[in-house]
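Input: a single structure, listed below in structure tokens.
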Amino acid sequence: MERKTIGIDLGHCETTAAYPRAVGADGISHEVLRLAVQGKDQVISTQIILTYAQMEKLADALRPDYQLLRTLGDIRIGSGLPAYVEDGEKFAYFKVPPSQFDKPIGDKRSQAVGLTHGKVMACFVYALVNNILKYNVGDLSDYDRADVDLLVGCPTTEDWTKEETQRAYAELVQRATQVHAVHIVPESRAAMFSSVESKQQTVSAIEGAVVFDFGSSTADCTYMLLGRRVEEFSWELGASKIEETMMRYAYRKAVEEHGPFTPDEKSLVETADLMRTNKESYYNGSFGQKKGQTVYCDFVDAADGSERGAKVRVDDEFMDEVTNRMSMGILCDSTTEKAGTWRGLCREFFLEAKSRIGSASYTVTEDGKEKRVSCPIGTVVLTGGASKMNFIYELCKEVFLDAAILREQNPSHTVSNGLGWVAVSDENVERCRQEAREELAANPECGVEALRVGLSDALFERICTIVEERTRAWAERPEENLPLRELQDDLRAYTAGDEAKDELERICRERLGSWKAELSKAMEGAVNRQVDRLYSEEVARGLMIPDDVWEQLQSEGLSVGMIDVGKLLEKFDVSGLAAKVGTIALHAVAWAVALALAIETGGWSLIVLTALELFGGAEISDTDLDKPRKKKVRLDVANKVGAELKKNKNKKALLKAFDEDLKEQTAGYADVVDGALTAAFEVVTLKRFYR
């Protein structure tokens with residue numbers, strides 16, 4: 001059965017999912033669909049109800065598996081769950097990093113049977129995947145379970161991104177759902193893919209894009225400059241911090257009315273959840289912001305179980321108090337503590353991003369010299385559910401004055417939609433690379449044979465010209481008699497000199513450069529054609545490698561060698577080759593001259609030919625080489641030596657050593673092409689960046 005992939009954004013407060021579906025006969029072109037995760041709802045609250053009977057069945061299972069979870073019966077998840085649960089409990093804000101999976105959760109009865117955050121998360125993903133396979137008829141069904149891969153997003157904070165942490169998260173989801181495989185993907189990469197793909201706005205990683213993903217638990221910053229630079233960091237500045245502050249305000253009001261008391265954990269969570277609903281209604285404009293709405297917050301005294309309620313009016317003044325005046329504490333990059341108001345910390349978050357990106361740079365090569373270039377910011381994208389709050393947009397505009405500030409039209413779907421495109425790229429990239437490789441192999445201008453023929457022809461043509469020029473000069477000298485030895489010495493000296501060496505080296509480099517440029521152009525076209533097939537038109541436009549990037553890639557401006565075809569030249573001693581070719585040319589010329597003078601010399605050329613069979617640089621000691629030759633004879637030699645030297649057998653003998661050396665140096669050609677294609681596809685799938 002065909003493997004299917006589902007992207008899941010299991011957020012602290014909201015959950016969404018997406019599915020990449022093939023749309024072309026080639027099996028590569030895809031579109032990404034939003035999935036129903038509860039009935040027809042594509043966005044649900046990350047909430048779950050478990051009965052005490054269900055909890056008791058989980059008591060002995062540290063990491064519940066699919067078979068055990070099936071025995072629990074119906075598990076209610078998502079939006080619209082009742083606040084009061086008879087003989088059970090509703091859970092929200094239960095998502096935690098793997099290091100906290102075993103942290104107890106719930107009321108005393110829940111904790112008495114060993115309920116933990118990890119167990120609740122397992123129950124939620126079990127029910128979630130069941131819903132997805134149930135409510136998306138035509139694309140998915142439970143029969144697909146064994147052939148389904150899940151891509152699950154995670155924040156970019158250190159407590160989520162370590163390899164062992166992601167492995168633990170994947171194992172929990174895998175055991176609970178019994179799908180084929182589970183892969184954890186940083187939400188930053190998914191968010192960038194989604195922003196580039198957006199049909200409502202133009203975002204290009206080519207020009208430098210920043211995506212600020214304001215989720216429920218964290219605010220993540222991702223900067224990408226295609227193939228060149230990536231910057232990522234995350235602060236614990238999620239919208240839940242506002243809800244927590246709203247809850248603290250309500251608790252303060254309750255203390256003012258009823259006196260000091262310690263509320264139980266359950267009432268704190270329920271009040272925060274209630275405040276979340278009213279916060280979203282406030283920012284969505286469901287009730288007049290100035291007029292507001294009165295909310296009754298019911299706290300329970302942990303000591304005696306009595307209710308200690310308080311009324312709060314959610315209006316402009318209240319929201320300004322909790323976001324702009326009340327202080328809170330957060331962690332930056334999972335390590336550094338920072339305190340301030342939510343708005344103040346949000347502004348600091350933007351300033352930190354601007355500072356990090358502003359101090360970042362990448363290497364380019366111009367006129368053979370490397371230099372550092374500052375990273376540009378073309379576009380800033382605000383996404384994530386919390387980005388709906390208008391003041392975030394205003395703060396962003398204050399900090400990023402010169403950039404285009406865009407807001408995602410459907411911020412709740414950003415990560416899951418991006419995970420769909422991550423799935424498309426990861427599943428099909430090898431096939432695309434193979435087809436690009438086949439396209440290059442079919443191009444006669446890109447192969448090693450094209451390089452060999454081009455170099456051989458250019459070098460041999462120049463050597464023949466040098467020989468003809470030096471022989472003509474020797475023949476036309478005014479002296480009446482000149483020995484052949486003098487021509488031979490002149491050729492040896494000239495071909496061994498710096499002028500000839502530099503010229504032959506220049507020819508080699510020019511030919512190599514032309515071949516490399518042709519290969520690079522063909523490779524660029526092959527990769528971009530695959531990108532065009534792989535993604536939607538919007539994604540392809542934002543990720544297709546442009547000409548200037550390819551020019552920098554091939555000149556080593558951005559890579560150490562993986563993508564630079566010119567690496568072939570690094571072990572190629574052109575100067576040594578030129579000297580070798582010069583020596584062979586000298587003997588070939590002497591051989592040709594000997595043939596031209598055979599009649600006059602009475603057969604000494606046979607001795608010369610025997611010596612030259614060795615092609616080893618041996619001196620020709622025949623005394624006839626020192627015999628003076630008349631100008632008429634010399635001119636006759638000059639008229640014949642070029643044609644004689646250009647015979648194919650002489651070319652073959654002349655370039656034998658060169659061809660052998662070239663064959664040795666290009667033995668890794670296939671590996672170079674594969675490395676180049678690998679690097680190119682890692683660039684366009686946002687995996688590879690050069691600093």
Side-chain angles (χ1 to χ4, degrees), residues 1-11 15-22 27 30 32-38 41-42 44 46 48 58 61-78 94-95 97-98 101 117-154 160 163-187 189-190 413 415-430:
M1 186 177 289
E2 177 190 359
R3 185 89 68 238
K4 297 184 177 182
T5 301
I6 300 171
I8 295 177
D9 178 19
L10 198 169
T15 294
T16 59
Y19 170 61
R21 180 174 64 184
H30 284 72
V32 173
L33 305 177
R34 299 173 189 166
L35 293 175
V37 287
Q38 180 183 339
D41 294 339
Q42 297 177 340
I44 62 170
T46 307
I48 183 172
L58 299 171
L62 186 64
R63 300 287 180 267
D65 63 17
Y66 177 73
Q67 298 305 326
L68 172 60
L69 292 169
R70 290 183 65 186
T71 68
L72 301 185
D74 182 47
I75 297 177
R76 289 179 287 172
I77 66 171
F94 53 79
K95 180 185 175 183
F101 278 175
H117 283 263
K119 291 180 182 180
V120 175
M121 288 175 67
C123 291
F124 184 84
V125 296
Y126 162 79
L128 174 68
V129 171
N130 284 352
N131 281 358
I132 291 172
L133 297 178
K134 175 182 178 181
Y135 293 123
N136 295 277
V137 179
D139 290 310
L140 299 163
S141 75
D142 199 57
Y143 295 106
D144 298 316
R145 185 181 295 272
D147 293 287
V148 166
D149 288 351
L150 300 181
L151 293 189
V152 182
C154 75
W160 282 100
E163 183 177 345
E164 60 270 23
T165 299
Q166 293 191 0
R167 184 165 56 248
Y169 190 22
E171 287 174 355
L172 179 141
V173 176
Q174 171 79 50
R175 285 178 60 84
T177 58
Q178 200 171 296
V179 295
H180 174 263
V182 176
H183 305 282
I184 308 302
V185 178
E187 293 170 357
R189 184 177 173 220
H413 294 278
V415 172
S416 57
N417 187 65
L419 287 168
W421 287 115
V422 169
V424 171
S425 68
D426 290 355
E427 289 177 7
N428 294 283
V429 68
E430 180 54 40

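Residue numbers run from 1 in the order of the sequence given. All values derive from a computational prediction rather than experimental measurement.
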Notebook entry, point to check: Looking at residues at least two apart in the chain, or sitting in another chain, which of them share a side chain to side chain donor-acceptor pair (under 3.5 Å) with His180?
Noted result: Arg3, Asp149
Check: Can you name the residues that form a side chain to side chain contact (heavy atoms under 4.5 Å, CB included) with Gln42, not counting sequence neighbours?
Finding: Arg34, His413
Check: Just how far is it from atom CZ of Phe101 to atom CG of Leu172, taken to the nearest 0.5 Å?
Finding: 5.0 Å
Notebook entry, point to check: Looking only at heavy atoms, what is the nearest atom pair of Gln166 and Pro186, with distance?
Noted result: NE2-CG, 4.3 Å
Check: Would you say Asp9 and Thr16 make side-chain contact, with heavy atoms under 4.5 Å?
Finding: yes
Checklist line | With sequence neighbours excluded, residues passing salt bridge (Lys or Arg N to Asp or Glu O under 4.0 Å) with Arg63 | finding: Asp102
Next item on the list: Return the minimal non-hydrogen interatomic distance between Val125 and Ala122, and the atom names on each side.
Entry: CG2-O, 3.3 Å
Check: Can you name the residues that form a side chain to side chain donor-acceptor pair (under 3.5 Å) with Asp139, not counting sequence neighbours?
Finding: Arg21
Check: Can you tell me how far the CZ atom of Arg167 sits from the CD1 atom of Ile184, to the nearest 0.5 Å?
Finding: 12.0 Å
Notebook entry, point to check: Of the non-hydrogen atoms in Val179 and Gln174, which two are nearest, and what is the gap between them?
Noted result: O-NE2, 2.5 Å
Item checked: Asp147 (side chain) donor-acceptor with Asp144 (main chain) under 3.5 angstrom -> no
Next item on the list: Give a yes or no answer on whether the side chain of Lys119 reaches the backbone of Leu58 with a donor-acceptor pair at less than 3.5 Å.
Entry: yes
Note to self: So, using ring pair (Phe, Tyr, Trp, His ring centres under 6.0 Å) as the criterion, who are the partners of Phe124 when residues are at least two apart?
What the structure shows: Phe94
Notebook entry, point to check: Can you name the nearest heavy-atom pair linking Cys123 to Ile48, along with the distance?
Noted result: CB-CD1, 3.7 Å
Margin query: Once salt bridge (Lys or Arg N to Asp or Glu O under 4.0 Å) is applied, do any residues pair with Glu164, and if so which ones, sequence neighbours excluded?
Written below: none
Next item on the list: State which residues pass side chain to side chain contact (heavy atoms under 4.5 Å, CB included) with Ala423; sequence neighbours excluded, sorted by chain then number.
Entry: Thr5, Pro20, Leu151, Glu427
Notebook entry, point to check: For Pro97, what residues pass the side chain to side chain contact (heavy atoms under 4.5 Å, CB included) criterion, not counting sequence neighbours?
Noted result: Ser99, Gln100, Asp159, Trp160
Item checked: Short side-chain to backbone donor-acceptor contact, Asp65 and Arg175, under 3.5 Å -> no
Next item on the list: Using side chain to side chain contact (heavy atoms under 4.5 Å, CB included) as the criterion, list what pairs up with Ala168, not counting sequence neighbours.
Entry: Pro98
Notebook entry, point to check: For the side chain of Thr46 and the backbone of Gly11, is there at least one donor-acceptor N/O pair under 3.5 Å apart?
Noted result: yes
Margin query: If I compare all heavy atoms of Lys95 with all of Glu187, which pair ends up nearest, and what's the gap?
Written below: NZ-OE2, 4.2 Å
Check: Residues two or more places apart in sequence or in another chain: which of them pass salt bridge (Lys or Arg N to Asp or Glu O under 4.0 Å) with Glu171?
Finding: none
Note to self: How long is the straight-line distance from CG of Asn130 back to OH of Tyr135, given to the nearest 0.5 Å?
What the structure shows: 10.0 Å
Check: Distance from Asn131 atom CG to Thr15 atom OG1, nearest 0.5 Å?
Finding: 11.0 Å
Next item on the list: Indicate yes or no for a side-chain donor-acceptor contact from Asp142 to the backbone of Leu133 under 3.5 Å, with no hydrogens or angles considered.
Entry: no
Check: Could you state the interatomic distance from CG (Asp41) to CG (Leu35), rounded to the nearest 0.5 Å?
Finding: 13.0 Å
Kindly list each side-chain donor-acceptor pair under 3.5 angstrom involving residues 66-77, sequence neighbours excluded, with atom names and distances?
| residue | atom | partner | partner atom | Å |
| --- | --- | --- | --- | --- |
| Tyr66 | OH | Arg145 | NE | 3.4 |
| Gln67 | NE2 | Gln178 | OE1 | 3.1 |
| Thr71 | OG1 | Leu68 | O | 2.5 |

Notebook entry, point to check: Taking all non-hydrogen atoms of both residues, which atom of Ile132 and which atom of Ala17 are closest, and how far apart?
Noted result: CD1-CB, 3.7 Å
Note to self: Just to verify, what does Thr177 make a side chain to side chain donor-acceptor pair (under 3.5 Å) with, not counting sequence neighbours?
What the structure shows: none
Checklist line | Pairwise side-chain contact, Ile8 with Val129, heavy-atom cut-off 4.5 Å (strictly under) | finding: yes
